[in-house]
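Remarks on the structure that follows.
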Amino acid sequence: MEIQFFLNGQSVKTEIQADTLLLDLVRAHGCYSVKRGCETTNCGLCTVWMEGKPVLSCSVLAARAAGQHITTLEGLQKEAEEFGRFLAGEGAEQCGFCSPGFIMNVLAMERELVDPSEAEIREYLEGNLCRCTGYMGQLRAVHKYLHRKETR
Ligand code: FES
Ligand code: FES
């Protein structure tokens with residue numbers, strides 16, 4: 001079947017199969033930041049935004065993207081680089097495999113929650129697994145990033 005959708009603001013028309021996953025659709029269009037980790041909705045590596053809300057692209061059929069706006073890290077380069085500097089500053093990025101999915105959720109959280117508490121931050125990000133660093137460095141980076149404007 002043919003679908004039309006928007007990928008990082010660009011209109012795309014493409015052929016898909018009924019069982020094509022959103023993960024494979026965006027990667028087929030050059031969005032290699034979107035990683036295949038567990039494929040069982042447990043790791044968060046495949047996170048993209050659909051209409052501005054995070055979804056696990058390993059568990060969404062590509063057909064659901066029809067007419068929708070899909071955003072990947074490639075469409076958020078400036079913000080991603082800024083947050084990436086905070087991650088690196090806290091030693092929270094080692095192999096980096098988990099970083100794109102994690103960053104997608106942090107940037108979504110920043111838009112969605114006003115002045116989130118520690119518990120809200122942990123709850124929002126609990127679906128993002130990292131096998132390298134533990135989570136304390138990531139949490140320090142998130143706090144510093146969210147409060148960056150106060151310290152300027
Ligand atoms: S690959 Fe989608 S949640 Fe792990
Ligand atoms: S930095 Fe390697 S999995 Fe998170």
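If you're wondering where the values come from, they're calculated on a predicted model, not measured in any experiment. Start at 1 and go down the list; that is how both ligands and their atoms are numbered.
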What atoms of ligand 1 come closer than 4.0 angstrom to any heavy atom of [X]?
| X | answer |
| --- | --- |
| E39 | 1 (S), 4 (Fe) |
| G44 | 3 (S), 4 (Fe) |
| T41 | 3 (S) |
| C46 | 1 (S), 2 (Fe), 3 (S) |
| C38 | 1 (S), 3 (S), 4 (Fe) |

| Would a distance-only check, ignoring hydrogens and angles, find a side-chain to backbone donor-acceptor pair under 3.5 Å from R36 to L23? |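 No, because the side chain of R36 does not come within donor-acceptor range (under 3.5 Å) of the backbone of L23.
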
| request: Would you check, one step at a time, whether the test salt bridge (charged side-chain N to carboxylate O under 4.0 Å, His left out) holds for E118 with R122? | output: CA-CA 6 Å; E118 178 75 23; R122 283 172 183 256; 3.0 Å; yes

| field | Side-chain heavy-atom pair L22, L61 within 4.5 angstrom cut-off | value |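 A side-chain contact under 4.5 Å is absent here.
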
| message | So L129 and C98, do their side chains get closer than 4.5 Å, heavy atoms only? | response |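 Side chain of C98 against side chain of L129, heavy atoms only: no contact under 4.5 Å found.
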
| Is it the side chain (CB and beyond), the backbone, both or neither of N42 that lies under 4.0 Å from ligand 1, heavy atoms counted? |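 Backbone only; the side chain of N42 stays clear of ligand 1.
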
| So how many protein N, O or S atoms does atom 2 (Fe) of ligand 2 have within less than 2.8 Å? |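 The number of such protein atoms is 2.
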
| query | Could you go step by step and tell me if E110 and R148 meet the salt bridge (charged side-chain N to carboxylate O under 4.0 Å, His left out) rule? | reply | CA-CA 12 Å; E110 185 186 21; R148 67 198 182 284; 3.2 Å; yes

Roughly how far apart are [X] [atom1] and [Y] [atom2], rounded to 0.5 Å?
| X | Y | atom1 | atom2 | answer |
| --- | --- | --- | --- | --- |
| M104 | L76 | CE | CG | 5.0 Å |
| L45 | L56 | CG | CG | 10.0 Å |
| H143 | E90 | NE2 | CD | 11.0 Å |

| said: I need the minimum non-hydrogen distance between Y124 and A108, along with the two atoms involved. | reply: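 Where Y124 meets A108 most closely, the heavy atoms are OH-CB, 3.5 Å.
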
| task | Please report the C-alpha distance between E93 and R85 in whole Å, then the side-chain angles of each, then the deciding distance to 0.1 Å, and finally whether the salt bridge (charged side-chain N to carboxylate O under 4.0 Å, His left out) criterion is met. | result | CA-CA 10 Å; E93 190 179 64; R85 282 194 288 277; over 6 Å; no

| C58 near atom 4 (Fe) of ligand 1: N/O/S under 2.8 Å |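 No - counting backbone and side chain alike, C58 has no N, O or S atom under 2.8 Å.
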
| message | Between C43 and atom 4 (Fe) of ligand 1, is there a contact where an N/O/S atom of the residue lies under 2.8 Å from the metal? | response |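 Yes, within the cut-off.
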
